[in-house]
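These numbers come from a predicted model, not from an experiment.
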Amino acid sequence: VIYGFLSYNSKALKISFLLYVSYSMTEQKKLSNHRHKVALEKKQKMKSHLMLSALDLYCQSSPEKVLVIDDFVKYAGVSRGTFYNYFLSTNELLTEISMNMSDEVLEIIEPIIAVLNHPIERVTIATRLYLRSAMHYPVWGRLITSVGPRYVVRDRNVAKFLTRDLKKADELGHIKIEDYRVTRDMFLGSVYYSLETMLTETVDQHYLGLVIKTLLGHLGIQQNEVQRLYQLELPSEIEITTPFFTILKQHQSKGYDHKN
């Protein structure tokens, strides 16, 4: 009907109408996109709140205490329904926290080792920095070992970066790998089991060095090269300023590290 009415009017009026319709549709799309963006930001903000408050509570809890959903929702000041909008269980919540924190550490380590051309030098420095960070933040170390490498390691950056460097080392002839998956699994399994030992048992200052040297030796690297690799200078303590690690620092300054 409207278009029939316009047919009796000038061509300019028809164009004006079409432009108006086009403009209106564009504005509606913008409004819809804006609302969608606001909703996503609100959802992400709530998820971050749940994760940060959960870590805050975890830092204050002893390793013997089994935290349940009611503990987390009460501390976060939200309902169980809100919790279930984001996580199916406490294990899923803690898993996502530990995976994010592990990736945050690797995002700092990766630029440090990127300047090294030797892939095994990258592996050595990265492994030592990662373990040193986990020992410096024992609550994080306890968290990633309690969650398990299946979630923290598999298909995450730590496995991807290690696989990349192992393959490159094999291509360059530094090591010989029959199946990179076997080498990757043996290496990472040893790293995480060793970390758990350092966090739960009394070990001397030579334990970490022996772990690194043994891992390198199992890659088929000659002893003199193993010694050279281990003596590579590490950068000073890496600074991690993300919200997760800020919480850890605050609790460690109060003495809440719960190493044992």
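- Summarising the geometry of Thr124 relative to Leu229, their closest heavy-atom pair is CG2-O, 3.6 Å, with the distance given to 0.1 Å.
- With sequence neighbours excluded, no residue forms a salt bridge (charged side-chain N to carboxylate O under 4.0 Å, His left out) with Glu107.
- Taken together through direct or relayed side-chain contacts under 4.5 Å among Ile, Leu, Val, Met, Phe, Trp and Tyr, Tyr207 and Leu234 form part of one hydrophobic cluster.
- Cluster membership for Val66 and Leu93, using ILVMFWY side-chain heavy atoms within less than 4.5 angstrom, is not shared.
- Neither side chain, Thr95 nor Ser98, offers a donor N or O lying under 3.5 Å from an acceptor on the other.
- Listed by chain and residue number, Lys249 satisfy the salt bridge (charged side-chain N to carboxylate O under 4.0 Å, His left out) test with Glu239 (two or more places apart in sequence, or in another chain).
- Of all the heavy atoms in His49 and Val78, the pair that sits closest is CD2-CG1, 4.4 Å.
- A donor and an acceptor atom, one from each side chain of Ser79 and Tyr84, are nowhere located under 3.5 Å apart.
- Pairs engaging residues 92-115 under the ring pair (Phe, Tyr, Trp, His ring centres under 6.0 Å) rule: none recorded [sequence neighbours left out].
- No chain of hydrophobic side-chain contacts below 4.5 Å, direct or via other Ile, Leu, Val, Met, Phe, Trp or Tyr residues, connects Met186 to Leu162.
- Minimum heavy-atom separation, Ile97 to Leu55: CD1-N, 4.2 Å.
- Among residues at least two apart or in separate chains, there is no ring pair (Phe, Tyr, Trp, His ring centres under 6.0 Å) pair with a member in residues 90-116.
- In the hydrophobic clustering, Val68 connects to no other residue, as no ILVMFWY side-chain heavy atoms lie under 4.5 Å from its own.
- Although no hydrogens or angles enter the test, the distance criterion places no donor-acceptor pair under 3.5 Å between the side chain of Thr163 and the main chain of Lys160.
- Looking only at side-chain heavy atoms (C-beta outward), Val105 and Trp140 come within less than 4.5 Å of each other.
- In terms of heavy atoms, Leu166 sits closest to Ile177 at O-CD1, 3.6 Å.
- Sequence neighbours left out, not one pair with a member in residues 216-238 passes ring pair (Phe, Tyr, Trp, His ring centres under 6.0 Å).
- Contact between Val123 and Phe187 at its shortest, heavy atoms only, is CG1-CZ, 3.6 Å.
- Side-chain atoms of Tyr192 and Val158, non-hydrogen and from C-beta on, do get closer than 4.5 Å to each other.
- Two residues are said to be in side-chain contact when any heavy atoms from C-beta on lie closer than 4.5 Å; Gln250 and Thr246 meet this criterion.
- With Thr214 as the fixed residue, the side-chain contact (heavy atoms from CB on, under 4.5 Å) test singles out one of Leu216, Leu210, Ile212, Val211: Leu210.
- Residues meeting the side chain to side chain contact (heavy atoms under 4.5 Å, CB included) test with Asp179, sequence neighbours left out: Arg181, Val182.
- With values rounded to the nearest 0.5 angstrom, Ile144 atom CD1 is found 6.0 Å from Ser102 atom OG.
- With hydrogens and angles ignored, the 3.5 Å screen pairs no side-chain donor or acceptor of Arg122 with any backbone N or O of Ala114.
- Glu110 and Arg164 are joined by a salt bridge, as a carboxylate oxygen and a charged side-chain nitrogen come within less than 4.0 angstrom of each other.
- With sequence neighbours excluded, no residue forms a side chain to side chain donor-acceptor pair (under 3.5 Å) with Asp170.
- Within the 4.5 Å cutoff, the side chain of Thr90 has no heavy atoms near those of the Leu67 side chain.
- Looking only at side-chain heavy atoms (C-beta outward), Arg228 and Gln231 stay at 4.5 Å or farther from each other.
- Arg132 and Pro235 get closest at one heavy-atom pair: NH2-O, 3.2 Å.
- Judged as a ring-ring contact (aromatic ring centres under 6.0 Å, His included), and not counting sequence neighbours, the contacts of Tyr137 are Phe245.
- Between atom OH of residue Tyr58 and atom CE of residue Met51 there is a gap of 14.0 Å, rounded to the nearest 0.5 Å.
- With sequence neighbours excluded, no residue satisfies salt bridge (charged side-chain N to carboxylate O under 4.0 Å, His left out) with Lys74.
- In this structure, OG on Ser48 lies 10.0 Å from NZ on Lys45, to the nearest 0.5 angstrom.
- Because its NZ or CZ atom is not both nearer than 6.0 Å to the ring centre of Tyr86 and within 45° of the ring axis, Lys47 does not count as a cation-pi partner of that residue.
- A side-chain donor-acceptor contact under 3.5 Å links Gln60 and Tyr75.
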Between Tyr193 and Thr145, does the side-chain hydrogen bond (donor to acceptor under 3.5 Å, both in side chains) criterion hold? Intermediate values first, please. CA-CA 8 Å; Tyr193 204 91; Thr145 53; over 6 Å; no

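- How far CD1 of Ile175 is from NZ of Lys167: 12.0 Å, rounded to the nearest 0.5 Å.
- Looking at Gln252, its side chain does come within 3.5 Å of a backbone N or O of His136 through a donor-acceptor pair.
- Note that CD1 of Ile108 and CD1 of Ile240 are 4.5 Å apart. Values are rounded to the nearest 0.5 Å.
- Residues passing the ring-ring contact (aromatic ring centres under 6.0 Å, His included) test with His118 are His174, sequence neighbours excluded.
- Both Val115 and Ile109 belong to a single network of hydrophobic side chains, linked directly or stepwise wherever heavy atoms of I, L, V, M, F, W or Y lie under 4.5 Å apart.
- Looking only at side-chain heavy atoms (C-beta outward), Met135 and Leu199 come within less than 4.5 Å of each other.
- The salt bridge (charged side-chain N to carboxylate O under 4.0 Å, His left out) test applied to Asp70 returns Arg80, not counting sequence neighbours.
- The local environment of CG in Asp204 is crowded, with over 12 non-hydrogen atoms from other residues, nucleotides or ligands closer than 6.0 Å.
- Transitive grouping of hydrophobic side chains (ILVMFWY, heavy atoms separated by less than 4.5 Å) keeps Ile120 and Leu172 in distinct clusters.
- The CE atom of Met99 sits 10.5 Å away from the CG atom of Leu143 when rounded to the nearest 0.5 Å.
- When side chains are defined from C-beta on, Leu131 does not count as touching Ser194, because their heavy atoms never get closer than 4.5 Å.
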